[in-house]
Amino acid sequence: QLRLEESGGGLVQPGGSLRLSCAASGFSLGHFHIGWYRQAPGKEREGVSCITSSGTASQYADSVKGRFTVSRDITTNTVYLQMSSLKPEDTAVYHCAAVHVTVGTMCRPPDGMAYWGKGTLVIVSS
């Protein structure tokens, strides 16, 4: 059974850092693109970052470029999102999602991703 589980969220002050983890089970990262998405209260879910199945390419939303870094550990089947210089507007529930490589060369918009974790809450506040 394919499963994604996020962890690492919490309360952090503006300017602080957090590292989110997305543990995948039931499938190999080598066959799926993994995306990070977030949904703030009252807003639509938006894409944050993506790492391809090969691990050689990544993508970021303009709002997080230079502050967030996506990476993966193929040996533990885990994808990470390192978040730095956090801002109050980064407050949201962060989800990881997976889509098979046959769909395309990069992650899809939220409605195009096939598998989702339940999310982890990040609150940036003083």
Side-chain angles (χ1 to χ4, degrees):
Q1 181 179 1
L2 193 149
R3 185 180 176 191
L4 297 167
E5 185 170 5
E6 304 92 339
S7 61
L11 174 64
V12 62
Q13 292 188 343
S17 298
L18 278 177
R19 189 178 78 159
L20 305 184
S21 299
C22 172
S25 59
F27 70 100
S28 169
L29 292 180
H31 298 137
F32 287 80
H33 307 316
I34 304 296
W36 284 97
Y37 298 80
R38 67 186 182 186
Q39 188 163 18
K43 294 188 177 181
E44 292 186 354
R45 191 169 295 187
E46 63 175 355
V48 175
S49 182
C50 176
I51 187 164
T52 59
S53 60
S54 65
T56 59
S58 58
Q59 217 172 40
Y60 298 92
D62 288 343
S63 59
V64 306
K65 279 180 183 176
R67 301 188 298 122
F68 290 12
T69 303
V70 64
S71 62
R72 70 174 195 175
D73 184 342
I74 200 74
T75 62
T76 61
N77 231 30
T78 303
V79 176
Y80 301 98
L81 185 68
Q82 178 67 47
M83 306 186 296
S84 303
S85 302
L86 283 161
K87 305 175 182 179
E89 51 264 44
D90 294 319
T91 295
V93 176
Y94 284 72
H95 300 265
C96 60
V99 66
H100 197 268
V101 297
T102 53
V103 173
T105 57
M106 190 56 76
C107 298
R108 313 303 295 170
D111 58 2
M113 299 299 283
Y115 305 97
W116 288 85
K118 293 182 178 180
T120 185
L121 176 61
V122 173
I123 300 174
V124 184
S125 176
S126 55

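Here, residue 1 is the first one in the sequence, and each next residue gets the next number. In this text the structure is predicted, and so the values were computed from the model without any measurement.
- Side chains of Y80 and T69 form no contact here, defined as non-hydrogen atoms less than 4.5 Å apart.
- Counting non-hydrogen atoms of other residues, nucleotides and ligands closer than 6.0 Å to CD of E89 gives a total above 12.
- Salt-bridge annotation for K87 and D90: absent, with no side-chain N of the basic residue lying under 4.0 Å from a carboxylate O of the acidic one.
- With rounding to the nearest 0.5 angstrom, the OG atom of S58 is 14.0 Å from the CZ atom of F68.
- Using a 4.5 Å cut-off on side-chain heavy atoms (C-beta onward), K118 and H95 make no contact.
- Residues Y115 and V79 share a hydrophobic cluster, clusters being chains of Ile/Leu/Val/Met/Phe/Trp/Tyr side chains in contact below 4.5 Å.
- Under a 3.5 Å cut-off, the side chain of Y94 and the backbone N or O of S7 do not form any donor-acceptor pair.
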- Task: Any chance you could lay out the side-chain contact (heavy atoms from CB on, under 4.5 Å) test for I123 and V12, step after step, and finish with the verdict?
- Result: CA-CA 6 Å; I123 300 174; V12 62; over 6 Å; no
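- Apart from M106 itself, the hydrophobic cluster it occupies contains nothing, where clustering links Ile, Leu, Val, Met, Phe, Trp and Tyr at side-chain heavy-atom distances under 4.5 Å.
- Placement of V70 and I74 within a single hydrophobic cluster is found when ILVMFWY residues are connected by side-chain heavy-atom separations under 4.5 Å, directly or transitively.
- The backbone N or O of T76 lies less than 3.5 Å from a partner atom in the side chain of T78, making a donor-acceptor pair.
- Between atom CG of residue L2 and atom CH2 of residue W116 there is a gap of 13.5 Å, rounded to the nearest 0.5 Å.
- For the atom pair CD1 of I51 and CD of Q59, the computed distance is 12.0 Å after rounding to the nearest 0.5 Å.
- Under a hydrophobic-cluster definition in which Ile, Leu, Val, Met, Phe, Trp and Tyr are linked whenever side-chain heavy atoms come within less than 4.5 Å, directly or via other members, L11 and V122 are assigned to different clusters.
- Considering all non-hydrogen atoms of both residues, P14 and S126 come closest at CD-N, 3.7 Å.
- Under a 3.5 Å cut-off, the side chain of R3 and the backbone N or O of G117 do not form any donor-acceptor pair.
- We find the CZ-CG distance between R38 and L81 to be 9.5 Å, quoted to the nearest 0.5 Å.
- Here the straight-line distance linking atom OG of S49 with atom CE of M83 works out to 11.5 Å at 0.5 Å rounding.
- Going from atom CD of E6 over to atom CG of L121 covers 12.0 Å, rounded to the nearest 0.5 Å.
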Report all side-chain donor-acceptor pairs from residues 19-37 shorter than 3.5 Å, counting only partners two or more places apart or in another chain.
{"from": "S28", "atom 1": "OG", "to": "G30", "atom 2": "N", "distance (Å)": "3.1"}
{"from": "H33", "atom 1": "ND1", "to": "S53", "atom 2": "N", "distance (Å)": "3.0"}
{"from": "H33", "atom 1": "NE2", "to": "G104", "atom 2": "O", "distance (Å)": "2.7"}
{"from": "Y37", "atom 1": "OH", "to": "R108", "atom 2": "O", "distance (Å)": "2.5"}

- Verify side-chain contact (heavy atoms from CB on, under 4.5 Å) between Q13 and S125, making sure each step is shown before the conclusion. CA-CA 5 Å; Q13 292 188 343; S125 176; over 6 Å; no
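- The closest side-chain heavy-atom distance from E46 to Q39 is not below 4.5 Å.
- T75 is linked by a side chain to side chain donor-acceptor pair (under 3.5 Å) to D73, counting only residues two or more places apart in sequence or in another chain.
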